[in-house]
Amino acid sequence: MTDTRRYWLVKTDASSFSWTDLWASPKRTTRWDGVRNYQARNMLRDGMKRGDLVFFYHSNFDPSAIVGICEVVREGYPDPTAFDRKDDHFDPKSDPAAPTWISVDLRAVAPFRKPLALPELRGVKGLEKMELLRKGSRLSVMPVTPKEWAVVTALAE
DNA sequence: GCCAACGTTGGC
DNA sequence: GCCAACGTTGGC
C-alpha cells in the first residue's frame, strides 16, 4: 500500500485563532483564510489535498508549540476575506475574476496529549532540517516530510 | 519589548 | 532590475 498523503504545518497566533477555537467550531472545521504570503499561498493552492494531515502550531505563545493534528477537508478555493472591504485581510489588488489568495478548510482530528514545545523539538534527531526550526523561518504554511511527521507524532505519544 | 530575518514596495 | 526603506513575523 502506498501512502500518497502529504503532511503540512500551519501556524496560528493563538490569540487570534487557537486550537480551542478550532475544536469549538461547527464540525470542528474552519476556513483557513487570511494567508497573504505567496509561498504559503502556493502550498494552499497546489499542494494541499483532501485527506492530507496538518500539524496545528501556536506561534507567539509561551511556549510556542505544536498542539494537535488537523486534516484538509476542502481543497483550495478563493479566500473570501480578500474581497471583504471590512476584513483585516482585505486586498484591493486581488481581482475576483482571478483571485490572488486561497483558502482551504481544516478539520480538527485530535489534540496532542501534551503540546510539543519549540525548544523541545530543537535538537531532536530527524528534525534537523525541519522548516519550522530553521532560523528566521516565517512561513505560516509549510510542508512536513513523512519522516518528520513520524518523528513528531512519536514524540507526542 | 527587542530585534533578526524576511517579504514587499517604490524610487531611480 | 537594483536595492534601500519599510512593515511584519515570531523567537526570545
Side-chain angles (χ1 to χ4, degrees), chain A residues 6-25 30-48 52-72 75-106 108-145 147-156:
Chain A
R6 296 191 215 183
Y7 301 96
W8 308 92
L9 180 146
V10 296
K11 287 183 189 172
T12 176
D13 190 323
S15 64
S16 58
F17 190 84
S18 69
W19 175 267
T20 306
D21 295 325
L22 176 62
W23 198 258
S25 301
T30 194
R31 183 179 67 219
W32 206 253
D33 57 26
V35 173
R36 296 293 180 267
N37 169 284
Y38 287 100
Q39 230 183 315
R41 185 278 313 271
N42 291 347
M43 287 182 269
L44 294 174
R45 185 187 60 191
D46 309 325
M48 282 190 177
D52 284 359
L53 294 179
V54 184
F55 286 139
F56 194 96
Y57 177 82
H58 285 167
S59 58
N60 291 307
F61 208 66
D62 190 19
S64 293
I66 303 175
V67 296
I69 292 173
C70 51
E71 178 185 6
V72 178
E75 294 177 12
Y77 59 97
D79 179 346
T81 65
F83 310 121
D84 181 355
R85 201 167 289 280
K86 297 187 299 299
D87 195 280
D88 283 346
H89 300 286
F90 174 62
D91 179 7
K93 295 193 298 301
S94 177
D95 174 7
T100 308
W101 305 115
I102 296 298
S103 287
V104 298
D105 286 356
L106 298 179
V109 173
F112 284 169
R113 283 191 304 108
K114 182 172 95 65
L116 287 179
L118 196 59
E120 208 175 328
L121 294 172
R122 294 196 189 282
V124 171
K125 198 160 176 288
L127 301 183
E128 293 85 357
K129 298 197 170 161
M130 197 176 185
E131 171 65 19
L132 180 69
L133 305 181
R134 196 176 57 77
K135 184 176 163 71
S137 169
R138 296 196 314 176
L139 267 181
S140 64
V141 180
M142 63 184 80
V144 173
T145 68
K147 266 186 187 159
E148 289 163 351
W149 185 273
V151 170
V152 172
T153 49
L155 282 176

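Residue numbers begin at 1 in each chain, while the letters A, B, ... track the order of the sequences.
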Q) Considering residues at least two apart in sequence or located in another chain, which fulfil the side-chain hydrogen bond (donor to acceptor under 3.5 Å, both in side chains) criterion with A/Arg41? A) none
Q. Which heavy atom in A/Asp84 sits nearest to a heavy atom in A/Phe90, and how many Å separate them?
A. O-CB, 3.1 Å
Q. Under the 3.5 angstrom rule, does the side chain of A/Ser103 hit a backbone N or O of A/Arg31 as a donor-acceptor pair?
A. no
Q.
Using a 3.5 Å distance criterion without hydrogens, assess whether the side chain of A/Thr81 forms a donor-acceptor pair with backbone atoms of A/Asp87.
A. no
Q: Without swapping roles, check the side chain of A/Glu128 against the backbone of A/Gly126 for a donor-acceptor pair under 3.5 Å.
A: yes
Q: Let me have a per-nucleotide readout for nucleotides 5-12 of chain C, 5' to 3', with B, S or -, counting only protein heavy atoms under 4.0 Å.
A: --BBBBBS
